2 protein chains.
Amino acid sequence: MDGSAPRRTRIQQEKRELILEAALEVFSTNGFRGSTIDQIAEAAGMSKPNLLYYFRRKEDIHETLMQRLLDTWLAPLRELDDIGDPLTELRSYIRRKLEMARDFPRESRLFANEILQGAPRIKPMLEGELKTLVDEKAAVIKGWMRAGKIVRTDPWHLIFSIWATTQHYADFDVQVRAVLGADRGGDGRFEDAARFLEQLFLDGLKPKG
Amino acid sequence: MDGSAPRRTRIQQEKRELILEAALEVFSTNGFRGSTIDQIAEAAGMSKPNLLYYFRRKEDIHETLMQRLLDTWLAPLRELDDIGDPLTELRSYIRRKLEMARDFPRESRLFANEILQGAPRIKPMLEGELKTLVDEKAAVIKGWMRAGKIVRTDPWHLIFSIWATTQHYADFDVQVRAVLGADRGGDGRFEDAARFLEQLFLDGLKPKG
DNA sequence: CTAACGTTTGTCCAACCGGTCAAAAATTTG
DNA sequence: CAAATTTTTGACCGGTTGGACAAACGTTAG
């Protein structure tokens, strides 16, 4: 197998970027099967055969998009480090994840779509690379628990809960904005969410004493 | 407008149930556009024209499914009541939601699919019925905060976080099982999740003192 | 200029998909 | 039973979709 990237002209690089950007928009709102090559081509400002000159199959676009996504998507977790104060580390992990939901909602939805449908294309990666990474970070968290820096609990489910609460603001954005209404559903909702999540994860709901 | 339900024969009722059950399976894993009438018909054990005799359009099936879903889906929140101890009420709301994720994962995924795609078919309901219900319950929670029964925080985001963390175990089930691995990803994962969530929502991560 | 190479387009196709229709089969009703 | 009604089926249709292809167009290098 040849792992080297194919040589590409300047035009090819630019057009491929254009297509991927358009495809991200279309796939993330319609899902894979719900999106058509024509839609992507139009969003990218080119004809369908022209698009197929750069990506020979619809699936190739999706696959390329997915590979790129996964790298950046797990970056915040990779940064979770053993140096520094545990509570501060966790707090900034939550903050980073929430910022990703705010700044890259389309990527979040693309990922959610894939998982919802049973992750047919990335299951191996979930069971391999992702599991390894999470296990590794769970061990770090367990160390913090042993040291009494944070409460003893299940590190895996802790990570799940951080994923769930932060990605919720990207994946369920329509619902969040609908429920908050016009006045509170504006740009401030991410700051409100950040404040709430910090409080929840650090102190919970039970009053002191 | 005639709001009365059409008269139906015994066969019609049974077959319609069969179709809805099959459609729930298919729609929840492939999304609306990703599902074909043929798939649903085959899953229901009948021919496509036969299915179309009971539901004249693909959309009618989805709509019927959606209406039923919404009633039961919000039942746990409706039960959240002002009588009884606030912390107990919240704890059992979380437990009920988690049980729904465990027992009705397809319904959860169907709903998630709809929201992910921008809720084209149920946006009015989100902005109307749902918002009203959530606002009402947020007021109840605010009362608990004023009474010092739970910590002061944002009730809307609190509700979001409960939705997010519990539905995560249905919508992202593949990922959860992949990360937990064969040994911990079995049936016990919901009990582990319940324990973790209770601890998180009540006490947070910060050690006492 | 011209040959080689990279890019774009129009046309076409086979498969699929949602839905129709008439006629056959099964069931209910009198 | 027979008539009326409901259910099931096979054949069919028009529109869409992913993708192929050759020809035209543009660009670059000798």
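The model shown is predicted, which means the values in this text are computed figures rather than measured ones. All chains are named by letter (A, B, ...) in the order of the sequence lines, taking the proteins before the strands, and each is independently numbered beginning at 1.
Ion pairing of R195(B) with D192(B) is present here, as a side-chain N (NZ or NE/NH1/NH2) and a carboxylate O approach within less than 4.0 Å. Using a 4.0 Å cut-off between charged nitrogen and carboxylate oxygen, R121(B) and E63(B) do not count as a salt-bridge pair. Ion pairing of R106(A) with E21(A) is present here, as a side-chain N (NZ or NE/NH1/NH2) and a carboxylate O approach within less than 4.0 Å.
Listed here is the closest heavy atom pair of Y169(B) and A193(B): CZ-CB, 3.5 Å. Taking each heavy atom of W156(A) and D135(A) in turn, the nearest pair found is NE1-OD1, 2.8 Å. Counting all heavy atoms, side chain and backbone alike, E127(A) lies closest to K131(A) at O-CB, 3.5 Å. Nearest heavy-atom pair, L126(B) versus A178(A), reported as atom, atom and distance to 0.1 Å: CB-CB, 3.8 Å. In terms of heavy-atom proximity, L24(B) sits nearest to E107(B) at CD2-OE2, 3.3 Å. Annotation for S28(B) and R109(B): closest pair O-CB, 3.7 Å, computed over non-hydrogen atoms.
Distance, M46(B) CE to dA26(C) P: 16 Å, rounded to whole Å. In this structure, CD of Q12(A) is placed 11 Å from C1' of dC5(C), rounded to the nearest angstrom.
Listed by residue number, S35(B), T36(B), I37(B) are the residues of residues 25-38 of chain B with a heavy-atom contact under 4.0 Å to DNA chain C. The stretch residues 47-63 of chain A touches DNA chain D through K48(A), P49(A), L52(A), R57(A), K58(A), each having a heavy atom within less than 4.0 Å of the strand.
If you walk DNA chain D from 5' to 3' and mark each nucleotide with an atom closer than 4.0 Å to a heavy atom of chain A, the marks span dT17(D) to dC21(D).
If you take CG on L133(B) and NZ on K137(B), they are separated by 6.5 Å, rounding to the nearest 0.5 Å.
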